[in-house]
2 protein chains.
Amino acid sequence: MDTDVPDPWSTTTAELYRTLRARLDDDDPAALATIVDVEGSAYRRQGAKMIVVPGDDSYGSITAGCLEGPVVDLANAVLDEGRARVETFDLMDGDEWGLGLGCNGVIDILLEPLDDSFGVALEALANHEPATVLTAVESSDPDVAVGDRTVLGPDRSPLGDSDRNRLPTELLSNASDVTASLRESASAKTVRLETSAGSASVFVDHLEPVPELLLFGNQNDVHPVARLGRDVGFRVAVASSRGSRSDESDFPDAHRVVSTHPTEIDDAVRTPENTYAVLMSHNFLDDRLALETLLEETSVPYVGLMGPRKRFEEMRTEFEQEDVQFSNSQLERVSTPVGLDLGSDEPIQIALSIVSEALAVRNDRSGGRLKAREGPIHERVKTP
Amino acid sequence: MDTDVPDPWSTTTAELYRTLRARLDDDDPAALATIVDVEGSAYRRQGAKMIVVPGDDSYGSITAGCLEGPVVDLANAVLDEGRARVETFDLMDGDEWGLGLGCNGVIDILLEPLDDSFGVALEALANHEPATVLTAVESSDPDVAVGDRTVLGPDRSPLGDSDRNRLPTELLSNASDVTASLRESASAKTVRLETSAGSASVFVDHLEPVPELLLFGNQNDVHPVARLGRDVGFRVAVASSRGSRSDESDFPDAHRVVSTHPTEIDDAVRTPENTYAVLMSHNFLDDRLALETLLEETSVPYVGLMGPRKRFEEMRTEFEQEDVQFSNSQLERVSTPVGLDLGSDEPIQIALSIVSEALAVRNDRSGGRLKAREGPIHERVKTP
């Protein structure tokens with residue numbers, strides 16, 4: 001049921017990571033194409049990735065269609081050569097795409113054979129930890145070649161071993177301010193850094209674990225939320241209380257199903273900063289206990305609570321009676337009525353509203369209409 | 001590819017109508033359960049529908065799970081008896097659901113065998129026309145029985161013929177104010193009306209044709225928008241210009257694919273008031289011409305334009321140079337940058353943002369977070 005990638009263009013980051021891991025595990029060759037720099041109008045930002053497997057198949061997208069063809073050809077060449085390279089595509093002059101939205105910029109793309117140097121990062125992500133991948137994309141230093149790479153873990157120390165050359169320690173320490181800042185904004189950027197024997201451009205790519213949507217409940221309306229959440233790129237966990245339904249066969253769209261008790265729902269949270277919880281047990285007491293547990297025992301940034309505003313007010317009255325107190329910052333994490341204001345009561349459209357809100361909160365956005373928003377659509381990455 | 005209903009709970013209204021039509025065409029029996037009145041806390045509003053086929057299968061939902069079981073049993077009984085009835089479910093007392101969200105109200109449900117009396121309405125909807133279904137749900141008048149029905153067309157005159165008794169003309173004329181008002185708000189309500197020999201409660205159910213998402217473009221990023229749009233209940237039309245891709249096999253998630261020219265895109269609009277257009281050809285000139293055509297030649301309420309704000313400003317400069325003028329109300333229909341502010345550049349998440357915005361505009365909502373909104377989530381239906 002709907003677990004396969006329907007078309008390459010709908011591939012989520014979660015599916016990209018999963019595909020890359022599977023190919024590494026099975027020793028299946030693949031090339032990875034990553035946008036490392038962009039000038040002018042581009043469809044996607046730095047860090048956007050596409051997988052090319054030998055032949056014509058690809059997953060993911062890096063442009064609005066203008067470069068996917070040439071990139072597939074180049075990726076196959078890179079697979080033959082067995083080493084990384086960077087190609088610059090200048091789409092400003094072209095007749096074919098000159099007027100094309102997202103196709104009139106200058107785009108630098110890193111093309112590389114998939115190997116254990118990226119595998120180190122994939123492993124961290126699979127363990128629900130972030131990873132920062134630093135890769136040389138240009139160099140005048142004879143000791144640094146395009147493709148040289150170091151992967152930093154959550155504590156900013158280098159992770160794992162691979163057959164690729166690592167970046168010199170000097171370069172890493174010069175990059176540490178940028179690395180810290182990109183980590184903060186969970187984004188990617190190419191920076192030019194001096195070395196003792198010249199200079200090098202390093203692409204700093206901060207990767208966060210795939211966010212998890214944690215659905216507390218076991219009613220039928222969990223299904224459309226699980227399904228849409230998965231389709232748009234969340235990992236989906238169903239935490240089922242009152243145990244009647246408690247395994248993966250009941251929620252085929254969930255990546256995992258756990259049986260829990262509302263006062264122990266914190267045990268179902270793997271990485272709080274990447275968890276977006278939705279309380280939809282339909283049971284007042286269970287939802288109230290789960291809410292209390294998530295606010296007190298975890299730092300999950302989003303606790304969506306299904307139901308009208310009044311229901312939460314009743315919960316707050318009970319919290320007061322029991323002398324349970326929350327700070328403003330705890331209460332700000334509660335989203336109720338859950339969802340964006342789309343004005344529908346159909347279950348699949350309620351699901352749309354919930355999943356959209358969780359994504360907006362993840363990206364620190366309001367969910368309102370872009371036409372009403374000031375400034376650029378893509379936040380500029382703030383780096384020194 | 002993902003065209004079947006994945007689970008009954010994700011069934012869209014479009015799929016409900018399609019299933020009902022198919023069963024009528026094939027003489028397959030089915031029962032229809034419709035919420036006709038609600039008091040207290042309910043998960044869904046009046047007009048919510050569920051199909052029950054002989055046995056245990058059902059599509060759609062009318063409550064949060066509290067009544068689906070009993071309703072399936074009753075629907076099978078109604079299929080045996082061959083006539084409509086109304087059942088009242090009082091969930092206020094029940095222990096099992098008393099605390100259950102959306103399960104502690106009093107709900108009246110009309111249960112009826114599917115027949116040509118509803119088929120008349122389905123036919124109008126299939127022809128992209130609205131229909132108002134008036135059904136007696138209670139009566140003290142010996143000439144009016146529960147289930148008696150008249151379907152009104154767009155001009156408010158009765159549509160088609162069926163084997164069921166029609167409502168008396170007197171009742172229809174007493175209902176005309178309510179009918180007009182519900183038509184305005186595209187909603188449903190039960191009203192009590194006097195007749196010459198007593199009184200009757202009539203459920204007035206206004207049905208609008210399924211909204212159509214009209215995607216102008218033929219690039220790969222059309223796919224995720226088509227797919228998500230379909231999944232959450234839009235009909236999806238792809239209007240492909242520059243003809244290289246122009247049939248259903250290229251866009252399997254679209255309900256129809258037409259080849260068009262940007263200045264003739266109005267021909268691809270079937271019912272303007274139900275059409276939500278997204279211009280995503282990635283070609284400046286094509287998008288500009290399509291925008292001009294949709295604003296001047298149609299009344300479609302939503303013209304999403306992909307790309308940054310600046311792109312639309314450049315279009316406006318060109319319109320001025322060519323002395324093309326738009327009124328404020330025309331310009332208000334333009335939504336650019338298209339989509340809700342979810343902060344992602346992944347194609348499937350951009351699609352999420354676009355589809356969510358189209359739904360919000362259809363329901364006259366802002367798309368912002370419900371927690372920031374004043375007042376009830378469900379707008380009260382304004383009727384005399």
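A note on names: the letters A, B, ... follow the listed sequences, proteins ahead of strands, and every chain is numbered from 1.
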Is there side-chain contact between B:Asn220 and A:Ser61, with heavy atoms separated by less than 4.5 Å?
no

Between A:Val232 and B:Gln349, what is the shortest heavy-atom contact and its length?
O-NE2, 2.9 Å

Rounded to the nearest 0.5 Å, what's the gap from NE2 on B:His282 to OG1 on A:Thr63? Could you check?
9.0 Å

Closest approach of A:Ser344 and B:Leu359, non-hydrogen atoms and distance?
CB-CD2, 4.4 Å

Can you tell me how far the OG1 atom of A:Thr12 sits from the CD atom of B:Glu346, to the nearest 0.5 Å?
7.0 Å

Can you tell me which portion of A:Glu357 sits under 4.5 Å from chain B's heavy atoms? Options are side chain, backbone, both or neither.
side chain

A:Leu228 portion near chain B, given a 4.5 angstrom heavy-atom threshold
side chain

Only pairs of heavy atoms separated by less than 4.5 Å count here; which of B:Asp364, B:Asp221, B:Thr13, B:Val361 has the most with chain A?
B:Asp221

Quick check on the interface: out of B:Ser335, B:Ser281, B:Ala372, B:Ala351, who has the most heavy-atom pairs with chain A under 4.5 Å?
B:Ser335

Contacting region of A:Met280 [heavy-atom separation from chain B under 4.5 Å]:
neither

Can you confirm whether B:Ile348 sits close enough to A:Asp231 that some side-chain heavy atom of one is under 4.5 Å from a side-chain heavy atom of the other?
no

How many angstroms lie between CD in A:Gln46 and CG in B:Asp345, if you round to the nearest 0.5 Å?
10.0 Å

Would you call A:Leu342 and B:Arg362 a side-chain contact if the rule is heavy atoms closer than 4.5 Å?
no

Any side-chain heavy atom of B:Val338 sitting closer than 4.5 Å to one from A:Leu370?
no

Nearest heavy-atom approach of A:Gly367 to B:Leu340 is O-CB, 3.4 Å

Candidates B:Arg369, B:Arg365, B:Lys371 - the one meeting salt bridge (charged side-chain N to carboxylate O under 4.0 Å, His left out) with A:Asp341
B:Arg365

Locate the shortest heavy-atom distance separating B:Gly343 from A:Arg45; write the atom from each residue and the value.
O-NH2, 3.8 Å

Under 4.5 Å between any side-chain heavy atoms of A:Pro347 and B:Arg44, yes or no?
yes

